[in-house]
Number of protein chains: 2
Amino acid sequence: MDTHRLRYFLRIADEGSINRAANTLGIAQPALSRQVRLLEEDLGVTLFRRTARGVQLTEEGERLRATTAAPLRQLELAMRYVGSPLARVERGLHIGLPATATGILASPLLDGLSAAFPRVDFQISVASTDVLVEGMLKGAVDISVIDPVQDGRLFYHDLLVEDLVLVGGRTSDLQPGTAIEFAELARRPLILPASPSGIRTSVENTALRLKHRLQSRFSTDSLQVTKSLIEAGRGYGVLPLSACAAEIDARKLRYAPLCDPSLTRQLGVAVTANLELPRGFATRVGEIIREEAARLVGSGVWGARLSPPLSEA
Amino acid sequence: MDTHRLRYFLRIADEGSINRAANTLGIAQPALSRQVRLLEEDLGVTLFRRTARGVQLTEEGERLRATTAAPLRQLELAMRYVGSPLARVERGLHIGLPATATGILASPLLDGLSAAFPRVDFQISVASTDVLVEGMLKGAVDISVIDPVQDGRLFYHDLLVEDLVLVGGRTSDLQPGTAIEFAELARRPLILPASPSGIRTSVENTALRLKHRLQSRFSTDSLQVTKSLIEAGRGYGVLPLSACAAEIDARKLRYAPLCDPSLTRQLGVAVTANLELPRGFATRVGEIIREEAARLVGSGVWGARLSPPLSEA
DNA sequence: CCCAGTTATACCGATCCTGTATATCTGAGC
DNA sequence: GCTCAGATATACAGGATCGGTATAACTGGG
């Protein structure tokens with residue numbers, strides 16, 4: 001019943017190996033093995049199946065991970081920031097997220113942020129990059145996760161890169177194992193974002209470069225609408241897998257990777273340059289966004305690749 | 001960064017004294033003093049003001065308590081139940097709460113329950129006792145917090161007793177320091193629950209016994225409506241303080257204690273006798289409700305008195 | 001001024017954690 | 001079937017941390 005062992009356990013679950021976890025934790029492997037055994041004895045359950053290529057969570061282990069990861073993270077943040085003057089900030093902070101990242105990011109992010117900054121009311125707006133940028137320049141939005149932008153009035157830093165996949169309805173012929181060539185996209189009706197989002201420009205620029213002509217029958221800025229149109233068989237979507245994981249699990253949607261070329265979308269964190277916030281606050285919030293994203297990526301929940309972090313002076 | 005010290009810290013905060021906390025924790029006082037000092041050094045903040053009559057939380061201490069109590073409890077429950085077959089139950093559990101307890105109980109209760117039973121979808125219904133009892137007998141509601149009932153088809157056990165206060169609008173003359181006699185109630189327009197709830201019968205029976213005639217101008221089963229009517233100056237309400245703490249803090253409502261006689265309302269936990277649930281599951285859920293209530297009462301958030309617990313064989 | 005009650009300090013023994021060295025196990029490749 | 005690489009498990013010793021006992025220092029109240 002100690003955070004210590006729990007942190008070890010979670011790291012092992014992430015790494016899938018006691019050995020690798022011992023390395024990243026900076027302790028010796030036998031010590032870690034021992035802690036796992038003690039934790040298992042304490043709880044009276046087997047947490048891992050030991051194999052010759054590492055360890056694998058049992059059902060109980062998976063349950064423990066699911067129920068302890070978030071509270072443990074909240075504790076860590078709460079203790080880290082309790083001494084910080086930033087924790088005293090009383091204010092509303094307005095966070096902007098793109099629709100294609102809310103499903104995976106919103107809830108854990110709010111958990112973490114409210115643990116670190118209990119006096120702050122966090123508000124989340126879901127909108128396209130251009131709307132969020134406008135909101136930030138007006139001062140209505142404080143910090144956003146958006147597509148890359150070049151604007152001197154914003155601080156922007158890359159967060160992660162995510163592969164895009166082709167998503168179709170239940171009756172489509174898409175299979176995760178069979179990649180679809182980009183040229184094939186031109187022969188299928190596409191449902192693209194209405195506003196010039198990162199995904200849409202990525203798709204359109206590639207089409208232009210390869211001299212393909214796309215059929216875009218519908219366009220909408222609502223991810224919800226996009227997915228229901230796809231589900232109804234009205235067309236195909238180009239989306240990050242994380243944005244429709246639930247529907248794919250539920251067999252409502254199918255997907256296939258893209259190739260020749262594959263497409264990606266880049267996300268980053270942006271804050272306004274002239275923030276009326278306590279010094280360092282926005283930076284910390286940005287760090288927590290990064291940490292939360294790193295955690296989701298590291299645990300395999302978010303299939304993306306992290307961009308290199310900000311240099312830590 | 002150890003649950004150990006955090007638990008000690010929270011207990012001290014609850015008891016208001018290192019000495020008393022040491023007794024209830026079963027360790028020596030110097031050891032506990034030491035742990036507090038170490039925790040304060042770790043975090044770099046002063047958590048308590050030491051006085052000759054105990055200790056008092058500083059602002060940072062209060063913040064730490066607010067941000068760590070819930071996650072810590074979730075961790076404890078998650079670890080306690082990870083090995084239990086009950087944690088594998090996949091089912092929806094329908095919980096009934098009275099409107100006057102939801103505000104204070106719903107959120108922490110859901111936190112705790114979902115940590116203990118991750119596979120269960122908890123649904124909360126807010127209704128009056130008679131509706132909840134009916135729902136439980138029909139099997140639509142599994143477990144409820146309700147006024148005391150005598151019904152052989154239900155298992156019922158007392159949970160806590162709470163004082164009722166007179167609540168008026170912002171312009172009323174009520175003051176927390178000046179108790180209002182019951183006789184005075186008859187001279188004020190009251191807004192009482194429409195259904196025969198515990199609060200309403202308590203008020204009406206007392207009036208009958210003392211031969212007072214009440215003026216009940218409006219009645220509604222919605223606590224929301226009740227409070228907005230009171231706020232608009234349409235009348236007075238008889239409510240537990242916990243049901244309108246937020247509005248009183250916000251200076252939208254005022255209150256005064258009742259005397260001659262004072263009124264209370266009793267709450268208990270009830271489950272149907274013929275549950276189609278795994279053996280012991282409802283019992284455990286009931287225990288968690290009790291624990292959560294005890295925690296809220298112990299920390300002073302819920303100004304009520306616990307009923308004696310079930311005998312623990 | 002004294003006393004009861006509180007928190008803080010000093011020291012000691014026991015426990016738990018970690019690192020080093022080594023054993024054991026398992027799956028892949030020949 | 002055998003071997004080997006890579007993984008986890010066991011044994012033992014050193015060191016840090018925790019809790020207990022004894023005692024000091026502090027603060028209000030009578």
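Quick caveat, the model's predicted, so the values are computed rather than measured. In the text below, chain A, chain B and the rest are named by the order of the sequence lines, each starting its count at 1.
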To the nearest angstrom, how far is B:Ile12 atom CD1 from C:dA8 atom C1'? 13 Å
Counting only side-chain nitrogens and oxygens, does A:His4 get under 4.0 Å of the OP1 or OP2 atom of D:dA16? no
Measure the distance from CD on A:Glu41 to P on C:dC16 and round it to the nearest whole Å. 12 Å
Select base, sugar-phosphate, or nothing to describe what B:Val36 touches, counting heavy atoms under 4.0 Å on all strands. nothing
Could you check whether B:Arg65 pairs with B:Asp14 (Lys NZ or Arg NE/NH1/NH2 to Asp/Glu carboxylate O, under 4.0 Å)? yes
To the side chain of B:Ile27, which of C:dT18, D:dG20, C:dG19 is closest? D:dG20
When you check the gap from the basic side-chain N to the acidic O, do B:Glu291 and B:Arg295 get nearer than 4.0 Å? no
Verify salt bridge (Lys or Arg N to Asp or Glu O under 4.0 Å) between B:Arg5 and B:Asp42, making sure each step is shown before the conclusion. CA-CA 11 Å; B:Arg5 291 179 182 163; B:Asp42 268 7; 3.0 Å; yes
D:dC18 phosphate, OP1 or OP2: any side-chain N/O from B:Arg5 under 4.0 angstrom? yes
Using atom CZ of A:Phe48 as one end and atom C1' of D:dT8 as the other, report the distance to the nearest whole Å. 12 Å
May I ask you to evaluate whether A:Gln29 reaches the phosphate of D:dG6, defined as a side-chain N or O under 4.0 Å from OP1 or OP2? no
With no hydrogens and no angle check, do the side chains of A:Thr264 and A:Glu162 hold a donor and an acceptor under 3.5 Å apart? no
Look at the side-chain N and O atoms of B:Ser33 and state whether any lies under 4.0 Å from the OP1 or OP2 oxygen of C:dT7. no
Please confirm whether the shortest side-chain N or O distance from A:Arg53 to OP1 or OP2 of C:dA28 is below 4.0 Å. yes
Contacts of A:Thr51 and A:Leu32 projected onto DNA chain C by closest heavy atom; the upstream (5') one is A:Leu32
Check ion pair A:Asp121-A:Arg91 (N to O, under 4.0 angstrom): no
Does D:dA9 have OP1 or OP2 under 4.0 Å away from a side-chain N or O of A:Arg50? yes
Return the nearest nucleotide to the side chain of A:Ala31; candidates are C:dT18, D:dG19, C:dA10. C:dT18
Of the options D:dC18, C:dG27, D:dT27, whose atoms approach the side-chain atoms of B:Ala52 most closely? D:dT27
Can you pull out the residues from residues 16-26 of chain B that lie within a 4.0 Å heavy-atom distance of DNA chain D? B:Gly26
Select base, sugar-phosphate, or nothing to describe what B:Tyr8 touches, counting heavy atoms under 4.0 Å on all strands. sugar-phosphate
Distance (rounded to the nearest 0.5 Å) between A:Leu32 CG and A:Gln35 CD: 7.5 Å
Are B:Glu41 and B:Arg37 close enough for a salt bridge, meaning some N to O gap below 4.0 Å? yes
Round to a whole Å and report the spacing from CZ of B:Arg7 to P of D:dG19. 11 Å
Round to a whole Å and report the spacing from CD of A:Gln56 to C1' of C:dG27. 15 Å
Describe the nucleic acid contact of A:Arg34 in one word from base, sugar-phosphate, nothing, applying a heavy-atom distance below 4.0 Å. base
